[in-house]
Q: 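The structure is given below, and queries will be raised subsequently.
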Amino acid sequence: MLRLVKSAPPPLALRLDNISLCRGGRMVVDSLDLDVPAQGITAIMGPNGAGKSLSLRIMAGLVAPDRGACRHDFTGKQDIALVFQKPVLLRRTVRANLAHALALYGVPRARRKVRIAELLEFGRLGPIADSPARALSGGEQQRVAMVRALAAKPKLLLLDEPTASLDPQATDAIETLIRDTAAKGAAVVIVTHDRGQATRLADHVRFMHKGTLVEAAPASDFMLAQKSPEAQAYLAGKLLL
Amino acid sequence: MQGFGDAFAAAFALIVGFDADLMEIVLLSLRVTLSAVALACIIGFPLGAALAVGRFPFRTTLTVLINALMGLPPVVVGLGVYLMLSRAGPFGALGLLYTPTAMIIAQTILVTPIVAALTRQIVADLDTEYHETLRSMGAGRAARIGTLLWDGRFALMTAALAGLGRALAEVGAVMIVGGNIDHVTRVMTTAIALETSKGELAVALGLGIILMILSIVINALLMGARSASERAAYA
């Protein structure tokens with residue numbers, strides 16, 4: 001006879017605990033409880049203005065919440081890395097951008113050359129290593145930004161709509177990098193509006209609306225059947241007001 | 001008084017013949033001006049960047065002051081430096097009055113606010129773009145300033161160029177603290193003023209032409225460097 005045993009909750013990389021944030025007299029994040037599993041790719045979905053990007057910035061420590069706490073066990077400043085929707089690269093070559101990041105992360109000068117070579121290979125950036133970073137295409141710039149974020153081998157990688165406005169080829173290249181990063185053991189959080197992307201990449205989905213978490217589920221379950229009417233309406237392509 | 005035609009002809013003869021006195025004045029002018037601009041950049045770049053990025057008491061007051069000092073009258077600076085370096089002044093014992101060093105000090109004081117104020121604006125604009133990215137990478141304030149100054153290096157050329165223009169054209173301050181002493185502190189602008197008052201238009205014109213050429217060449221070189229950097233997407 002099969003005996004059902006309640007499984008232990010998966011280990012967490014990070015947890016937002018009752019976070020609230022008020023901006024311009026409006027509650028943009030409201031009593032948000034959101035956890036990020038330590039393994040796999042977590043997609044945060046939701047309509048514009050749901051507070052997804054702000055939540056990501058709170059996780060990265062760029063924005064301090066008015067209330068609540070961001071809990072994790074990371075100790076190094078380089079353990080959490082963030083990639084923005086619009087990458088901001090320095091006015092230098094790709095190689096110099098990576099060298100700058102490694103210097104900031106405190107990697108000794110003697111080890112930087114080897115690490116840069118590893119990063120260029122990982123991001124398939126070898127042919128453009130000595131090109132001015134800001135002269136590259138949008139997709140290439142985003143790849144550089146991602147690889148730069150990985151320079152210090154972060155344990156948690158946060159991605160804010162990294163493929164917005166990219167063509168399918170560039171999107172595919174970024175998604176490959178995301179999968180490779182997760183495969184190396186880092187927890188990845190991606191904010192996305194793209195249901196297809198969440199289906200392709202995510203192991204877990206967190207659905208937000210009006211600054212709060214509406215639904216949290218394994219990605220496969222979420223894509224098959226959403227429990228909340230907000231998520232159902234969103235995935236049906238309806239406007240959530 | 002010579003005719004204009006004669007004066008121009010004599011001026012060109014002095015320039016083409018590399019007249020020793022003329023060259024001495026030109027070289028001293030370059031030494032004083034470039035030294036002053038270099039010192040102003042060494043002080044003004046980090047000062048401007050700190051005003052753009054730093055958060056400290058009286059930052060706004062200091063910014064207003066630096067902006068106001070951009071229009072500092074050269075004769076007032078000359079007078080101030082003169083009082084400091086004269087025998088009765090606090091630095092009189094150094095014996096710097098009527099030396100090129102005094103002229104460099106005066107011009108540095110004149111140029112530093114220009115470099116600092118323009119640097120503040122350039123770095124503030126760049127910081128708006130880089131701020132979140134650098135913070136997400138854990139950059140401290142010093143690292144941020146270093147990054148912004150390096151990435152703004154081609155735009156900062158404009159700040160240095162503005163300072164150079166001010167220093168090259170300046171006459172009041174260097175006249176007061178240098179004394180326009182022949183073979184010691186005579187520079188192009190003070191020599192032009194003196195020779196014109198004496199009616200020696202050839203020398204004055206020759207120096208004026210060299211001053212213009214220098215200004216155009218330096219501007220063209222820096223603009224060329226900036227354009228090249230923009231084409232390479234570094235600026």
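Protein chains get the first letters and strands the later ones, always in sequence-line order, with residue 1 at the start of each. Just so it is clear, the values below take in all heavy atoms, side chains as well, and ignore hydrogens, waters and symmetry mates.
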Q: When only heavy atoms count and the cut-off is under 4.5 Å, which of residues 129-139 of chain B reach chain A?
A: B:E129, B:Y130, B:E132, B:T133, B:L134, B:R135, B:S136, B:M137, B:G138, B:A139
Q: In Å, rounded to the nearest 0.5 Å, how long is the span from CH2 of B:W150 to CZ of A:R92?
A: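 Spacing of CH2 (B:W150) from CZ (A:R92) equals 7.5 Å.
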Q: Taking atom CE of B:M23 as the centre, report whether more than 12 heavy atoms of other residues, nucleotides or ligands fall under 6.0 Å from it.
A: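 Atom CE in B:M23 is packed in, count exceeds 12.
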Q: Residue by residue, scan residues 42-75 of chain A and write down, ordered by number, those that have a heavy-atom distance under 4.5 Å to chain B; if none do, write 'none'.
A: A:R57, A:G61, A:L62
Q: Return the OG1 to CZ distance between B:T147 and A:R91, rounded to the nearest 0.5 Å.
A: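 Reported value, rounded in 0.5 Å steps: 12.0 Å.
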Q: Around A:R179, counting heavy atoms of other residues, nucleotides and ligands shown, do more than 12 lie under 6.0 Å from its CZ?
A: yes
Q: In terms of heavy-atom contacts, does OH of A:Y105 have more than 12 from other residues, nucleotides or ligands at under 6.0 Å?
A: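 Yes, because the 6.0 Å sphere around OH of A:Y105 holds more than 12 heavy atoms from other groups.
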Q: Please classify the contact of A:L158 with chain B as side chain, backbone, both or neither, using a heavy-atom distance under 4.5 Å.
A: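 No part of A:L158 comes within 4.5 Å of chain B.
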Q: If you draw a 6.0 Å radius around CD in A:E121, do more than 12 non-hydrogen atoms from other residues or ligands fall strictly inside?
A: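 Atom CD in A:E121 is not packed in, count stays at 12 or less.
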Q: Does CZ belonging to B:F58 count more than 12 external heavy atoms closer than 6.0 Å?
A: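 No, not enclosed.
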Q: For the atom pair CG (B:L126) and CG (A:L90), what is the distance rounded to the nearest 0.5 Å?
A: 9.0 Å
Q: Would you mind checking which part of A:A101 comes under 4.5 Å of any heavy atom in chain B, side chain (CB onward), backbone (N, CA, C, O), both or neither?
A: both
Q: Does atom CZ (B:F91) have a neighbourhood of more than 12 heavy atoms from anything else shown, all under 6.0 Å?
A: no
